[in-house]
Novice: 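This is the structure I want to talk about, given as structure tokens.
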Amino acid sequence: MPTLLADTGDPDLDLLRAVNGLAGSAPSWVDGLVSWIGEYGILLGLAAVCLTAWWSARRAPDAPVAVAGLLWAPLAVAIAELANLPISAIVDRPRPFVDHPELDVLVEGKEGTLSFVSDHSAMSMGIAVALMLVNRRLGLVAGVLALLQGFCRMFMGVHYPTDVLGGYALATAVVLLLAPIAMAVLVPLCHALTRTAVSPLIVAGPRRAAPARRRRAASRRARPVAPAEEPPQERDLAA
């Protein structure tokens with residue numbers, strides 16, 4: 001009874017119970033679908049969005065800069081995940097179902113792991129914010145997927161809402177605060193790679209060839225044409 005009274009008025013737990021309660025009333029196939037989406041589906045969707053953004057960035061006028069911004073997305077996610085290791089150890093928050101066994105848990109194997117912050121939420125929001133700096137339209141798509149990721153983690157009963165918000169905040173801070181340093185390194189690197197065999201990964205081929213063709217055509221048009229020399233017979237008759 002003291003535990004139940006202590007839980008009363010906790011908005012973090014109340015919201016988790018409200019979202020996780022949907023799993024109890026949903027058909028089993030819906031629970032299975034949301035679980036797969038929350039574990040793997042959204043991350044695969046974000047990978048597809050990143051590939052689309054890369055394909056578009058290669059054709060941008062400032063392709064090396066755009067591709068450098070896209071390279072920052074996975075690097076920022078990796079840094080956020082590394083930063084989360086000491087944060088999780090310091091907070092030492094168990095999964096919500098450990099203290100609240102009444103929750104419906106839709107995935108197994110999470111018992112020995114920590115809850116704060118949500119790795120999935122951090123990865124999703126990190127990609128979304130990094131994409132927003134390069135391609136706003138695709139960044140918004142990724143942002144919607146990141147929000148859906150947070151909902152799925154609560155629906156599955158493996159994270160508190162504050163775990164999700166903590167993941168969002170951590171990833172956003174890493175992406176925005178370290179972006180100037182990262183771009184100072186990645187932009188020259190991408191420019192240098194345009195002069196190597198991996199250049200097609202940075203700049204689309206047709207876009208790179210077109211200016212060269214235009215320059216050759218312009219030089220041919222601007223080249224003066226030497227006057228034709230008179231045949232010898234005509235010069236002798238004229239004399």
Novice: When you measure from the side chain of S124 to the backbone of H120, do you find a donor-acceptor pair of N or O atoms at a distance under 3.5 Å?
Specialist: yes
Novice: Under 4.5 Å between side-chain heavy atoms, hopping through other hydrophobics if needed: is there a path connecting V164 to L114?
Specialist: no
Novice: Where the side chain of D104 meets the backbone of A23, is there a donor-acceptor pair that is under 3.5 Å apart?
Specialist: no
Novice: Between D163 and R93, does any side-chain N to carboxylate O distance fall below 4.0 Å?
Specialist: yes
Novice: What donor-acceptor contacts under 3.5 angstrom involve side-chain atoms of residues 70-89, with partners at least two apart or in another chain?
Specialist:
from: W72; atom 1: NE1; to: V175; atom 2: O; distance (Å): 3.2
from: N84; atom 1: OD1; to: S88; atom 2: OG; distance (Å): 3.0
from: N84; atom 1: OD1; to: V117; atom 2: N; distance (Å): 3.3
from: N84; atom 1: ND2; to: V117; atom 2: O; distance (Å): 3.4
from: N84; atom 1: ND2; to: D119; atom 2: OD1; distance (Å): 2.6
from: S88; atom 1: OG; to: N84; atom 2: O; distance (Å): 3.0
from: S88; atom 1: OG; to: F116; atom 2: O; distance (Å): 2.8

Novice: Minimum heavy-atom separation for A204 and R59, please, with both atom names.
Specialist: CB-CG, 3.7 Å
Novice: Hey, mind stepping through I37 and F151 against side chain to side chain contact (heavy atoms under 4.5 Å, CB included) and telling me if it holds?
Specialist: CA-CA 11 Å; I37 291 174; F151 174 84; over 6 Å; no
Novice: Show me the side-chain donor-acceptor pairs of residues 130-148 shorter than 3.5 Å, one per line, residues at least two apart or across chains.
Specialist:
from: N135; atom 1: OD1; to: R137; atom 2: N; distance (Å): 3.3
from: N135; atom 1: OD1; to: L138; atom 2: N; distance (Å): 3.1

Novice: Below 4.5 Å, heavy atoms only, C-beta onward: do L170 and M125 meet side chain to side chain?
Specialist: no
Novice: If I compare all heavy atoms of D12 with all of P161, which pair ends up nearest, and what's the gap?
Specialist: OD1-CD, 2.9 Å
Novice: Between L165 and Y168, is any pair of side-chain heavy atoms under 4.5 Å apart?
Specialist: yes
Novice: Determine the minimum heavy-atom distance between G157 and P96, stating which atoms define it.
Specialist: O-CG, 3.6 Å
Novice: Checking side-chain polar atoms at under 3.5 Å, does R95 have a donor or acceptor matched by the opposite partner on T113?
Specialist: yes
Novice: Let me check something: do L44 and I127 share a hydrophobic cluster, defined by ILVMFWY side-chain heavy atoms less than 4.5 Å apart, either directly or through other members?
Specialist: yes
Novice: Among the clusters formed by ILVMFWY side chains lying less than 4.5 Å apart, do V185 and M183 turn up in the same one?
Specialist: no
Novice: Considering only heavy atoms from C-beta outward, does the side chain of H100 approach that of Y160 to under 4.5 Å?
Specialist: yes
Novice: Using side-chain heavy atoms (C-beta onward) and a distance below 4.5 Å, is R17 in contact with E102?
Specialist: yes
Novice: Membership question, hydrophobic clusters at under 4.5 Å side-chain separation (ILVMFWY): are W55 and V198 in the same one?
Specialist: yes
Novice: For a quick test of reading the model, state the closest non-hydrogen atom pair linking A171 to G126 and the distance between them.
Specialist: CB-N, 3.5 Å
Novice: Between the side chain of H191 and the main-chain N/O of P64, is any donor-acceptor distance below 3.5 Å?
Specialist: no
Novice: Give a yes or no on whether V98 and M154 share a hydrophobic cluster (residues Ile, Leu, Val, Met, Phe, Trp, Tyr; joining criterion: side-chain heavy atoms under 4.5 Å apart).
Specialist: yes
Novice: So with a 6.0 Å cut-off around CD of E111, is the heavy-atom count from everything else above 12?
Specialist: yes
Novice: Is there side-chain contact between R153 and V158, with at least one heavy-atom pair below 4.5 Å?
Specialist: yes
